[in-house]
Amino acid sequence: MFDALIVGAGPAGSTAARLLAQAGWSVALVEKTDFPRRKVCGEFISAPTMPVLEACGVAEAFVAAAGPPVTYIGLYAGQTMQSSPGEQVWGRALGREHLDTLLRDAAVRAGACLFQPAELMSLERTPDGYRCKLDNDIAIAARIVIAACGSWNGKGVFAAAAPESRPSDLFAFKAHFRHTALPDGLMPLLAFRGGYGGMVHTDDGRTSLSCCIRRDTLAHARSRHGGKAAEAVLAHIRAATAGVERALGGAQLSDSFLSTGPIRPGIRPRVRDGIFFTGNIAGEAHPVIAEGISMAIQSSGLLTRLLIAGRPQAYAAEWHRRFAPRIHAATLFAHLAMRDDTRAVSLAVVRRFPALLAWGARLSGKAPIST
Ligand SMILES: Cc1cc2nc3c(=O)[nH]c(=O)nc-3n(C[C@H](O)[C@H](O)[C@H](O)COP(=O)(O)OP(=O)(O)OC[C@H]3O[C@@H](n4cnc5c(N)ncnc54)[C@H](O)[C@@H]3O)c2cc1C
């Protein structure tokens with residue numbers, strides 16, 4: 001019997017697996033996809049996550065592989081191209097095909113037993129813990145279970161009711177570009193009708209562009225611009241934001257667009273039926289703040305610290321105190337960005353007080369270090 005079964009080897013799951021395994025726990029880590037794998041994600045990791053990466057023994061490797069430091073938070077919307085004053089290091093970006101492999105390998109090095117590719121198909125309680133079945137018919141018994149299986153989509157072992165589809169549902173897209181004219185050090189938030197996104201220099205000279213767009217806006221963009229969904233979304237964003245048009249003027253798409261959705265930002269139970277939830281499945285912020293990976297890693301840092309200290313009952317409340325305000329801030333920023341009326345007012349205010357960009361970044365959980 002394992003001390004812990006961890007479902008999902010994304011940032012949340014692999015961080016939990018590494019930290020428990022290096023504390024001497026026997027850990028089973030189950031991941032349904034093959035790595036390396038790309039993922040719909042902007043790839044930015046903010047500076048306050050570095051202590052957890054250090055605790056996992058991967059901070060140096062992360063910095064060596066990641067893109068250049070992000071030193072300015074920006075805003076591209078309509079003709080506005082604004083950036084925060086003052087140069088500070090807010091964080092760095094690393095492609096998910098590299099980051100997730102780095103963290104998973106760190107967990108395995110610490111002794112976690114990896115089942116990959118293997119999908120959790122069923123889970124039942126036993127007198128001394130849990131027994132689960134994987135899709136390859138392997139059965140695993142564990143004292144505790146940690147669900148770290150990503151966005152809640154109403155499917156799978158941990159699902160509640162499947163959500164209904166709505167015009168406001170958000171679909172997410174992401175691609176890498178080469179040879180962009182995005183200014184050095186700048187990470188602009190993209191705000192446009194019916195959606196939002198971000199751009200950042202990531203590893204190997206690439207720039208990532210990721211975004212979320214409402215179902216009804218996507219349909220409108222497709223009828224207006226034609227082509228595949230991702231092409232219509234890109235045309236919609238380029239037409240709506242002069243900054244993106246300028247940055248991508250001479251750029252080349254370096255890999256195909258990825259898409260996913262609808263995504264379901266919100267706060268969900270952190271503990272249910274004795275199972276611990278961490279990362280996106282516990283609470284998902286609108287990606288407008290680019291903090292989901294960081295919160296996934298930080299929430300697993302919190303959970304494992306409390307498990308090792310024998311205080312797991314403190315997890316739900318402590319999680320709420322640390323992460324709920326950031327998720328609420330993300331919801332506010334997402335709505336300010338997507339609606340024409342609130343975006344116009346916000347732009348006028350930010351143009352007058354650009355320091356608000358740094359203030360908003362801090363509200364979302366970012367804390368820069370001086371250069
Ligand atoms: C458009 C967009 C842009 C974003 N940009 C950023 C950004 O710049 N910075 C940032 O910090 N965050 C960003 N995010 C958010 C970030 O991607 C997520 O918050 C992060 O991936 C959550 O990590 P996680 O470990 O909780 O889940 P995931 O990364 O989704 O990992 C979950 C893993 O569990 C596995 N799994 C699921 N079910 C099972 C099962 N039954 N059995 C076995 N394995 C299973 C999956 O295959 C997956 O590998 C963005 C999101 C979107 C949509």
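When a ligand or atom number is given, it counts from 1 through the structure's own listing order. It should be emphasised that the depicted structure is a prediction, and the values quoted were computed from it without experimental measurement.
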Open item on the list: Under the side chain to side chain contact (heavy atoms under 4.5 Å, CB included) test against Gln82, which residue among Leu189, Ile73, Leu357 passes?
Closed with: Leu357
Open item on the list: I'd like to know if Arg37 pairs up with Asp100 as an ion pair, taking the criterion as any Lys NZ or Arg NE/NH1/NH2 lying under 4.0 Å from an Asp or Glu carboxylate oxygen.
Closed with: yes
Task: Short side-chain donor-acceptor distance under 3.5 Å, Thr202 and Ser208 - done: no
- [ ] Please check if the distance between the ring centroids of His236 and Phe192 is under 6.0 Å.
- [x] yes
Task: With Glu97, the salt bridge (Lys or Arg N to Asp or Glu O under 4.0 Å) member among Arg38, Lys39, Arg206 - done: Arg206
Open item on the list: Please output the residues near ligand 1 using a strict heavy-atom distance under 4.0 Å, listed in chain and residue-number order.
Closed with: Val7, Gly8, Gly10, Pro11, Ala12, Val30, Glu31, Lys32, Thr33, Arg37, Lys39, Val40, Cys41, Gly42, Glu43, Phe44, Arg96, Ala118, Glu119, Leu120, Ala148, Cys149, Gly150, Ala172, Ser210, Cys211, Gly279, Asn280, Pro287, Ala290, Glu291, Gly292, Ile293, Ser294, Ala296
Task: Any side-chain donor near an acceptor of the partner, Ser300 and Thr15, under 3.5 Å - done: no
